[in-house]
> 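Before anything else, here's the structure in question.
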Amino acid sequence: MTALPTKDREGINLICDQCGQQLPGISSTLRNWDVVWALVSKHGWVGSPLAIGPHQCPRCSSAVPVGPPAEHIEEAARNPRWNASTRLVRGVAVIELHGDLDVLVADSLREVLAAACQGDGHVVLDLADVRLIDSTALGVLVRAHQVLKRKGRRLCLAAPSRFIIVALRTMRLHPVFPIFDNHEQAVDWATVNGR
């Protein structure tokens, strides 16, 4: 969920990251996430007990099926929950990611980033097909950033979702990574700014 201040700055509006539905006017004097989450969950919101999502409004949470139909189980077996592919574009490692970045894929993400960090150029993460990120995956990105920084290179993020931008700002990590609208812009920047 995204929290935005009300126009009068006296409260916050919570917005579902999936559909955009708002829960307006939560008191901004509530600073403790446990208290805020208890209040929000009374309104039917569901999700992670942590401030960083995923969270869903009542409409989105009721649309989630309890168990997948048999034909969806077969489809899920053919399409993994998460995958990554790496290619070299003008000397820049571009990692295209698919699926949410969370604790379940953190080890795989770490391996992909470690391999890309072995090269000579900057690294671009194409996040166009990634909706959510959790604190574990953010930690993996920060570690890759540190490895590249020691080598005089950068980890760039391309096409992050609104949820990812909010997570980066919440954790005060948005200045750490150059962020671009798409991987082409990131590669152009990386090419101009050398290795």
Side-chain angles (χ1 to χ4, degrees), residues 1-4 15-21 48 51-56 60 75-195:
M1 97 185 51
T2 302
L4 297 173
I15 303 169
C16 176
D17 287 311
Q18 188 163 338
C19 73
Q21 179 179 329
S48 169
I52 293 182
H55 303 97
Q56 294 177 323
C60 291
E75 182 180 336
R78 287 192 306 270
N79 298 314
R81 167 182 187 284
W82 180 86
N83 68 59
S85 61
T86 304
R87 67 188 195 286
L88 204 56
V89 179
R90 297 186 312 207
V92 178
V94 177
I95 304 170
E96 190 174 302
L97 300 174
H98 302 277
D100 295 340
L101 303 179
D102 57 24
V103 68
L104 299 175
V105 302
D107 289 338
S108 299
L109 177 61
R110 190 176 295 109
E111 289 174 16
V112 168
L113 282 168
C117 290
Q118 297 300 315
D120 295 329
H122 297 294
V123 176
V124 173
L125 284 184
D126 186 341
L127 301 170
D129 195 30
V130 176
R131 198 169 55 86
L132 302 174
I133 191 166
D134 73 3
S135 58
T136 304
L138 280 172
V140 172
L141 298 189
V142 169
R143 281 189 287 284
H145 156 75
Q146 292 168 339
V147 167
L148 288 169
K149 185 177 179 182
R150 284 193 294 271
K151 297 178 177 185
R153 293 179 287 149
R154 300 292 299 267
L155 176 63
C156 305
L157 307 181
S161 69
R162 180 175 64 166
F163 180 89
I164 294 173
I165 293 290
V166 170
L168 290 169
R169 288 184 186 199
T170 300
M171 302 301 286
R172 295 191 173 115
L173 292 172
H174 61 286
V176 171
F177 306 100
I179 299 175
F180 300 91
D181 291 338
N182 55 56
H183 74 267
E184 291 89 356
Q185 289 178 357
V187 169
D188 288 345
W189 176 89
T191 304
V192 169
N193 287 289
R195 297 180 184 195

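A quick note: this is a predicted structure, and the numbers were derived from the prediction, not measured.
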> So does R90 pair up with D188, basic N to acidic O under 4.0 Å?
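Looking at D188 together with R90, the answer is yes, because their closest N to O distance falls below 4.0 Å.
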> Would I133 and L141 count as a side chain to side chain contact (heavy atoms under 4.5 Å, CB included) here? Give the steps.
CA-CA 10 Å; I133 191 166; L141 298 189; 3.8 Å; yes
> So, the side chain of R154 versus the backbone of V176: is there a donor-acceptor pair under 3.5 Å, distance only?
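Indeed, once roles are kept as given, a pair shorter than 3.5 Å links the two residues.
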> If I take atom NE2 from residue H98 and atom CG from residue L127, how far apart are they, to the nearest 0.5 angstrom?
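Interatomic distance, H98 NE2 to L127 CG, rounded to 0.5 Å: 10.5 Å.
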> Are there more than 12 heavy atoms of other residues, nucleotides or ligands under 6.0 Å from atom CG of D181?
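Not more than 12 within 6.0 Å, no.
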> Quick check: does any side chain N or O of R153 sit under 3.5 Å from a backbone N or O of G119, one acting as donor and the other as acceptor?
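Yes, the answer is positive, given that a donor and an acceptor are paired below the 3.5 Å cut-off.
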> Checking W82 against L97 for the side chain to side chain contact (heavy atoms under 4.5 Å, CB included) test, could you report, in this order, the C-alpha distance in whole Å, the side-chain angles of both residues, the deciding distance, and whether it holds?
CA-CA 8 Å; W82 180 86; L97 300 174; 3.8 Å; yes
> If I compare all heavy atoms of L155 with all of F177, which pair ends up nearest, and what's the gap?
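What the structure gives for the nearest pair is O-CD2, 3.5 Å.
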> Has H122 got a side-chain atom pairing as donor or acceptor with V92's backbone, closer than 3.5 angstrom?
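No, the answer is negative, given that no donor and acceptor are paired below the 3.5 Å cut-off.
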> How far apart are the closest heavy atoms of Q118 and K151, and which atoms are they?
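Q118 and K151 have their closest heavy atoms at CA-NZ, 4.2 Å.
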> Looking at residues at least two apart in the chain, or sitting in another chain, which of them share a side chain to side chain contact (heavy atoms under 4.5 Å, CB included) with E184?
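Here the qualifying residues are N182.
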> Would you call R162 and I165 a side-chain contact if the rule is heavy atoms closer than 4.5 Å?
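A side-chain contact under 4.5 Å is absent here.
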> What closest approach, in Å, do I95 and V123 show between heavy atoms, and which atom pair accounts for it?
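For I95 versus V123, the nearest heavy atoms are CD1-CG1, 3.8 Å.
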> With L138, which of I164, L168, L101 fulfils side chain to side chain contact (heavy atoms under 4.5 Å, CB included)?
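Only one option passes, and that is L168.
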> To check you understand the geometry: which heavy-atom pair defines the closest contact between D100 and V130, and what is its length?
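Taking D100 first and V130 second, the nearest heavy atoms are CA-CG1, 4.4 Å.
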